[in-house]
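Contents: one structure, followed by commentary.
Numbering of ligands and ligand atoms starts at 1, following listing order. All values below come from the heavy atoms of this structure, side chains included, with hydrogens, waters and symmetry mates left out.
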Amino acid sequence: MFQPQHSSVLTVYEQLLAAFGPRHWWPGESKLEIIVGAILTQGVSWKNVEKAITNLKQTGNLDFSALLNMEDQLLSELIHSTCYHRQKTRKLKSFLGWVCDRYEGDLEQMLDNPTAELRRELLQLWGIGPETADSILLYAGNHLVFVVDAYTKRIFTRMGSVPQEIDYQRLQSYFQENLPPQPELYNEYHALLVKLGAEYCKKQRPQCGTCPISSGCRYYQEQENNTRR
Ligand code: SF4
């Protein structure tokens, strides 16, 4: 029986980078825009977030004070495309209010905190889970934390690299323990995995035939073996 070659975490990164090129993430012109995007993208595709960010920009509201002081109803309307818009309004307001109280409204001051301390604080905020906290830390603050998401888990469980039941923390450690400690690499790798997960390693009908990392993928090789029988 065929035994797939085990691809190291770094090899997968190199294969993806060679196939897709740099992704230039996170799409955002300021730290505030990155953070707003990280909160709004929960549970929806980036296209939905783009519409909301455009609305905020066009109305001159992609600004810390403007967002903090805006009527909930109006903010909810401007970010309507991101689904769960009332909840996300509350999440944005809760985050901005906390930055205001704790860091005098200064995002730089907040992001200057040591990584573990800031991560702990972010995770205590309503509506901020590990993926959002880590996206803020890595993409807005250049902190050394690897962001994992549903795509990451799907890809690496299909590849046979990690068990199906792995949790967020253990999956994050798997990357952090096997990659050079470089925020730029973490940044690029997550973006590459998002592209792979969205366009190739789809939940239904993965496009293994054209996937750039199929040579090290257990799922693909099992499919191949089954069709040969
Ligand atoms: S070969 Fe198929 S299952 Fe494996 S990572 Fe690529 S798309 Fe996903």
Side-chain angles (χ1 to χ4, degrees), residues 1-27 34 37-38 40-50 82-83 129-139 144-229:
M1 179 188 280
F2 179 89
Q3 290 295 322
Q5 288 285 110
H6 175 71
S7 295
S8 78
V9 186
L10 195 55
T11 303
V12 172
Y13 170 74
E14 287 163 353
Q15 289 172 325
L16 292 175
L17 187 60
F20 301 147
R23 309 310 304 152
H24 305 293
W25 266 37
W26 181 289
I34 291 169
L40 294 183
T41 199
Q42 292 173 357
V44 293
S45 72
W46 187 252
K47 271 189 220 141
N48 301 56
V49 179
E50 275 176 335
T82 64
C83 309
E131 186 185 333
T132 308
D134 291 338
S135 298
I136 292 170
L137 286 163
L138 177 64
Y139 288 103
L144 188 67
V145 287
F146 197 90
V147 179
V148 299
D149 63 0
Y151 291 141
T152 318
K153 184 171 176 181
R154 186 158 76 222
I155 293 163
F156 281 83
T157 51
R158 281 177 172 170
M159 289 186 72
S161 306
V162 298
Q164 185 68 43
E165 63 280 6
I166 197 164
D167 63 18
Y168 187 99
Q169 208 60 50
R170 282 171 54 225
L171 186 53
Q172 183 179 54
S173 299
Y174 170 75
F175 286 93
Q176 294 184 173
E177 287 165 9
N178 288 291
L179 289 172
Q182 298 164 3
E184 304 73 28
L185 190 152
Y186 287 15
N187 173 327
E188 191 62 63
Y189 204 159
H190 175 65
L192 290 164
L193 289 173
V194 169
K195 180 169 173 70
L196 186 79
E199 296 178 16
Y200 295 81
C201 201
K202 300 176 183 187
K203 198 168 183 177
Q204 312 291 343
R205 293 197 288 173
Q207 308 295 304
C208 303
T210 51
C211 173
I213 58 171
S214 61
S215 62
C217 180
R218 185 171 68 188
Y219 178 97
Y220 172 60
Q221 297 303 341
E222 284 174 356
Q223 301 297 311
E224 287 288 284
N225 288 341
N226 289 341
T227 54
R228 281 193 208 112
R229 281 187 191 131

- prompt: What distance separates R23 CZ from N187 CG, expressed to the nearest 0.5 Å?
  reply: 12.0 Å
field: Test ring-ring contact (aromatic ring centres under 6.0 Å, His included) applied to Y168 - qualifying residues, sequence neighbours left out
entry: none
query: When you look at L10 and L185, which way does the side-chain contact (heavy atoms from CB on, under 4.5 Å) test go after all the steps?
result: CA-CA 10 Å; L10 195 55; L185 190 152; 4.1 Å; yes
message: Would you say E224 and Q221 are linked by a side-chain donor-acceptor pair, where the criterion is simply a distance under 3.5 Å?
response: no
- prompt: Mind checking whether F146 and F175 have parallel, tilted or perpendicular rings, split at 30° and 60°?
  reply: parallel
Rounded distance (nearest 0.5 Å) linking atom OH of Y220 with atom CD1 of I213: 12.5 Å
2.8 Å shell around atom 4 (Fe) of ligand 1, exclusive bound, protein N/O/S atoms: 1
